Amino acid sequence: MMTVAASRALAGRRTCFVGIGLPSLAANLARATCAPGIVLIYESGTIGSKPDRPPLSIGDGSLAETADTVVSSAEIFNYWLQPGRIDVGFLGAAQLDRFANLNTTVIGDYRRPKVRLPGAGGAPEIAASCKETIVVVRHTPRIFVDRLDFTTSVGHGDGPGARERLGLRGAGPVRIITDLGVLEPDPGTRELVLVNVHPGARVEDAVARTGWPLRVAPDLAATEPPTAAELDALRALTS
């Protein structure tokens with residue numbers, strides 16, 4: 001349900017900067033269903049990749065083999081991403097806070113971490129410069145924390161006006177999609193609010209698995225279940 005909901009978020013988008021893992025699976029599902037013309041861009045320099053299985057990394061050969069073109073990473077960042085030419089960035093995270101700031105660097109103290117994560121990669125630039133960002137994560141207390149151990153990518157900083165003060169070009173995270181539902185930033189406070197719940201999920205579960213007092217939208221909606229076509233396309237990608 002999480003992957004299907006994330007793929008639907010790309011309907012009508014033209015270009016997507018894709019992170020590896022669940023974001024990549026969702027983006028390729030969108031290409032097979034609701035967004036057949038979307039151009040998928042990966043950090044390694046592939047533009048218009050059309051893999052028939054989830055890539056293992058940004059260096060996966062299937063990305064270059066199926067791309068419309070391959071350019072240098074420097075061109076991807078300097079010409080496509082930083083000037084704001086990409087509609088949406090798709091990211092994951094190890095930790096996320098109430099303002100959708102992301103940690104993909106370390107768990108614990110930076111100098112003596114409990115876990116050292118893969119690191120920033122292109123995530124800070126994606127979060128800063130894409131017109132919008134969508135984050136795909138599982139809804140667990142380990143991920144939804146009151147305070148990040150390390151801020152790798154800025155979402156909405158410390159609230160209203162933070163992105164503008166930092167000079168960040170894009171709108172930042174507009175949607176957080178989890179295995180329980182969908183959260184969006186409040187237009188005034190920029191704090192995340194639960195706006196959708198998936199079939200079988202409960203509001204109480206989302207609240208209990210969040211490290212801060214989670215706000216729930218008064219007009220909370222229910223996510224439409226996956227269609228047969230969406231499930232067939234997802235199974236074809238993961239088989």
Side-chain angles (χ1 to χ4, degrees), residues 6-7 9-31 35 37-51 54-96 99-105 117-137 148 150-157 162-177 184-185 190:
S7 73
L10 292 181
R13 310 301 181 98
R14 295 183 303 165
T15 52
C16 178
F17 204 119
V18 190
I20 293 299
L22 282 171
S24 184
L25 180 59
N28 282 286
L29 177 60
R31 189 177 56 79
I38 194 167
V39 177
L40 302 186
I41 299 169
Y42 288 82
E43 187 180 336
S44 53
T46 58
I47 299 175
S49 292
K50 307 170 189 66
L56 298 176
S57 72
I58 60 170
D60 194 307
S62 65
L63 297 179
E65 290 166 1
T66 60
D68 294 332
T69 189
V70 180
V71 300
S72 69
S73 289
E75 180 175 329
I76 284 288
F77 283 91
N78 294 335
Y79 182 76
W80 294 100
L81 181 58
Q82 291 170 342
R85 290 190 168 100
I86 297 178
D87 290 344
V88 60
F90 237 158
L91 294 173
Q95 288 182 332
L96 173 146
F99 294 115
N101 302 302
L102 309 177
N103 174 19
T104 55
T105 303
L117 300 166
E125 293 290 345
I126 295 170
S129 300
C130 283
K131 292 177 183 176
E132 295 180 339
T133 308
I134 297 171
V135 182
V136 187
V137 292
L148 300 182
F150 187 94
T151 302
T152 309
S153 306
V154 176
H156 297 288
R163 292 185 65 86
E164 290 78 5
R165 288 193 298 272
L166 293 170
L168 303 182
R169 179 186 296 275
V174 297
R175 192 170 297 171
I176 312 298
I177 298 170
E184 295 179 355
R190 312 313 296 165

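As the structure is a prediction and not an experimental result, all values here were calculated from the model.
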Strictly distance-based, threshold 3.5 Å: is any side-chain N or O of [X] a donor or acceptor partner for the main-chain N or O of [Y]?
X	Y	value
Asn101	Gly157	yes
Asn103	Thr151	no
His156	Arg163	no
Ser153	Ala127	no
Arg31	Ala26	no

Quiz item: So, Thr66 versus Ser49: side-chain donor-acceptor pair below 3.5 Å or not?
Solution: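 Ser49 and Thr66 do not have a side-chain donor-acceptor pair below 3.5 Å.
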Is the shortest side-chain heavy-atom distance between [X] and [Y] below 4.5 Å?
X	Y	result
Phe17	Ile76	yes
Ile47	Val71	yes
Ile177	Arg175	yes
Leu91	Val136	no
Pro55	Ile20	yes
Val88	Leu10	yes
Asn28	Pro54	no
Ile41	Thr46	no

Over all atoms of both residues, closest heavy-atom pair of [X] and [Y]:
X	Y	result
Ile126	Gly89	CG2-CA, 3.7 Å
Ser57	Leu63	O-CD1, 3.7 Å
Ala94	Thr104	N-CG2, 4.2 Å

How many angstroms lie between [atom1] in [X] and [atom2] in [Y], if you round to the nearest 0.5 Å?
X	Y	atom1	atom2	value
Cys16	Ile86	SG	CD1	8.5 Å
Thr15	Leu81	OG1	CG	10.0 Å
Thr133	Ile176	OG1	CD1	8.5 Å
Glu125	Gln82	CD	CD	4.5 Å
Thr105	Gln95	OG1	CD	10.0 Å
Phe90	Cys130	CZ	SG	11.5 Å

Quiz prompt | Lys/Arg N to Asp/Glu carboxylate O, Glu132 vs Arg13, below 4.0 Å | solution = yes
Quiz item: Given the rule in the side-chain contact (heavy atoms from CB on, under 4.5 Å) test, do Lys50 and Asp68 qualify, once you have shown the distances and angles that lead to the verdict?
Solution: CA-CA 9 Å; Lys50 307 170 189 66; Asp68 294 332; 2.6 Å; yes
Quiz item: Tyr42 and Ser24: side-chain contact (heavy atoms from CB on, under 4.5 Å), yes or no, with the steps?
Solution: CA-CA 9 Å; Tyr42 288 82; Ser24 184; 2.8 Å; yes
